[in-house]
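Note sheet for the following structure.
Whatever order the structure lists ligands and atoms in, that order sets their numbers, starting from 1.
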Amino acid sequence: MENSRIDLPIGVTLDRFIKSNENEYIGAVGAFSQLLRDIALAAKVVNRELNKAGLIDIMGNAGIYNSGGDEQKKLDLLANTRFIRALSKGGEVCGIISEENESFIDLENNGKYIVAIDPLDGSSNIDVNVSVGTIFSIYKRKSDFGKPLSEFDFLQKGRDQKAAGYILFGPSSMLVYTTGNGVNGFTYEPSLGEFILSNINITCSQNGSIYSINEGLSKSIKDYKIINYLDFCKESGYTARYIGSLVADFHRNLLKGGVYLYPPTNKFPNGKLRLMFEANALAFVIEQAGGKARNGEMDILDIQPTTIHQTTPLYIGSSDMVDKIEMPSL
Ligand code: AHG
Ligand code: MN
Ligand code: MN
């Protein structure tokens, strides 16, 4: 990637922003831009479906489970279908992995890109009309064109991401993404059907006073560093905020300064969040915004994945807060 971002004013459309910054993606011609547009289109479709939830029969459980053992919601499946369909059509993407699919999808074309996606994040919140999201990562294909894809194409380190971001379906919907050249946010204007640049070059403050963790899990957290850090947060009079939709919790902390923690627990000894569908994309975004993402020992982006659905502990947000978690004595 070249360091040649063109700064555009608030109010320009996502399309125009992508077009103006096309020179960032050397060698990709228009393919990479088209891929970003496809993601935005799927986001609009999912946004439309989510706005109807409650009026038509798309809430509740679908009665089947994904490979992580979570019962899939009807909207998990619907969002999954919409994103896979949008990504399959253009020919830019040759392979997809999704939290909702056991194994990788080989689209059997000559596309240059691989996409990893959590189509609906925080889906347990959908039935109660609370913010949810979509998380995506884009990588380059590794195998030769014309050959079938293998896990080798997908098991790439987060450091190798070419772009990553998320869509937050909230009071207003937002698309936030990075191509390795800063982070920008676009707010959806439903009457125009456009994402509009609203947050230019987002930076996460070095320190903050919000901590986000499911404290109901406290008794099953064994890592004394986390227990000490939670005590430190309380002694410091920090504010606890936890929505239970990673995208929403992450977005708040990105903008306001704060830290999100999902440590190992008795139930999830390696953490609950998925490296390839959740942690990597947000780690790329937070690093680009000046923050940090760690698993307690190393940067999330440096973890070599060994399986598509593997999980990781996640500590992500303002850099000083993330650093403090790993300090042996607070
Ligand atoms: P998903 O809906 O994609 O399965 O993700 C749920 C994740 C994440 O969004 C959230 O932060 C976390 O699960 C909440 O877990 P707890 O209910 O254990 O706090
Ligand atoms: Mn998720
Ligand atoms: Mn999900």
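A salt bridge does not link Lys272 to Glu278: none of the charged side-chain nitrogens sits closer than 4.0 Å to a carboxylate oxygen. By the 4.0 Å N-to-carboxylate-O rule, Arg241 lies too far from Asp249 to be salt-bridged with it.
Here the protein heavy atom with the shortest distance to atom 10 (C) of ligand 1 is Gly244 O, 3.2 Å. Ranking protein heavy atoms by distance to atom 11 (O) of ligand 1, first place goes to Tyr260 OH, 2.8 Å. For atom 9 (O) of ligand 1, the closest non-hydrogen atom on the protein side is Asp121 OD1, 2.7 Å. With respect to atom 14 (C) of ligand 1, the closest heavy atom belonging to the protein is Tyr242 OH, 3.3 Å. Atom 2 (O) of ligand 1 has as its closest protein heavy atom Gly122 N, 2.8 Å. Summary of contacts: the protein heavy atom closest to atom 18 (O) of ligand 1 is Tyr262 OH, 2.5 Å.
Per residue Glu278, closest N, O or S atom to the Mn ion (ligand 2): atom name OE2. Atom OD1 is the N/O/S atom of Asp121 found closest to the Mn ion (ligand 2). Glu99 has its closest N, O or S atom to the Mn ion (ligand 3) at the position named OE2.
By the 4.5 Å heavy-atom criterion applied to side chains, Ile286 and Cys204 are counted as neighbours. Taking 4.5 Å as the limit, every side-chain heavy atom of Lys140 sits out of range of all side-chain heavy atoms of Asp160. Using a 4.5 Å heavy-atom cutoff, the side chains of Thr13 and Leu192 are not in contact.
Judged by distance alone, with hydrogens and angles left aside, the side-chain atoms of Glu49 form no donor-acceptor pair with the main-chain N or O of Leu78 at under 3.5 Å. Put simply, the side chain of Asp153 gets close to the backbone of Lys142: a donor and an acceptor are under 3.5 Å apart. Looking only at distances, no side-chain donor or acceptor of Thr311 sits under 3.5 Å from a matching main-chain atom of Leu273.
Geometrically, ligand 1 and Leu217 share no nitrogen or oxygen pair separated by less than 3.5 Å. Considering backbone and side-chain N/O of Leu273, none are found under 3.5 Å from N/O of ligand 1. Between Lys272 and ligand 1, at least one pair of N/O atoms sits closer than 3.5 Å. At under 3.5 Å, not a single nitrogen or oxygen of Ser245, backbone or side chain, sits near a nitrogen or oxygen of ligand 1. Residue Ser124 has no nitrogen or oxygen atom sitting less than 3.5 Å from a nitrogen or oxygen atom of ligand 1, judged on distance alone.
The angle that Leu120 O and Asp118 OD1 make at the Mn ion (ligand 3), rounded to 10°, works out to 90°.
Close approach to Asp118 involves these atoms of ligand 1, each under 4.0 Å from a residue heavy atom: 3 (O). Listed by number with element, the atoms of ligand 1 under 4.0 angstrom from any heavy atom of Asn214 are 16 (P), 18 (O), 19 (O). For ligand 1, the atoms lying closer than 4.0 Å to a non-hydrogen atom of Ser123 are 2 (O). Atoms of ligand 1 found under 4.0 Å from any heavy atom of Arg274, numbered from 1 in the order shown, are 4 (O), 5 (O). Atoms of ligand 1 found under 4.0 Å from any heavy atom of Glu278, numbered from 1 in the order shown, are 3 (O), 5 (O). Within ligand 1, the atoms closer than 4.0 Å to a non-hydrogen atom of Leu246 are 8 (C), 9 (O), 10 (C), 11 (O), numbered from 1 in the order shown. Every atom of ligand 1 with a heavy atom of Glu99 under 4.0 Å away is listed here by number and element: 3 (O), 4 (O).
Below 30°, between 30° and 60°, or above 60°: for Tyr238 and Tyr211 the angle between ring planes is between 30° and 60°, a tilted geometry.
For the ring pair (Phe, Tyr, Trp, His ring centres under 6.0 Å) criterion with Phe186, the lone passing option out of Tyr166, Phe17, Phe195 is Phe17.
With rounding to the nearest 0.5 Å, the separation of NZ in Lys292 from CD1 in Ile325 is 11.0 Å. Atom OG1 of Thr178 and atom CD of Glu287 lie 10.5 Å apart (nearest 0.5 Å).
Residue contact annotation: Leu120 has a non-hydrogen atom under 4.0 Å from ligand 1. Ligand 1 has no atom lying under 4.0 Å from any heavy atom of Phe277.
In the hydrophobic cluster analysis, where Ile, Leu, Val, Met, Phe, Trp and Tyr join through side-chain heavy atoms closer than 4.5 angstrom, Leu36 is grouped apart from Phe284.
No more than 12 heavy-atom neighbours from other residues, nucleotides or ligands sit within 6.0 angstrom of NZ on Lys256.
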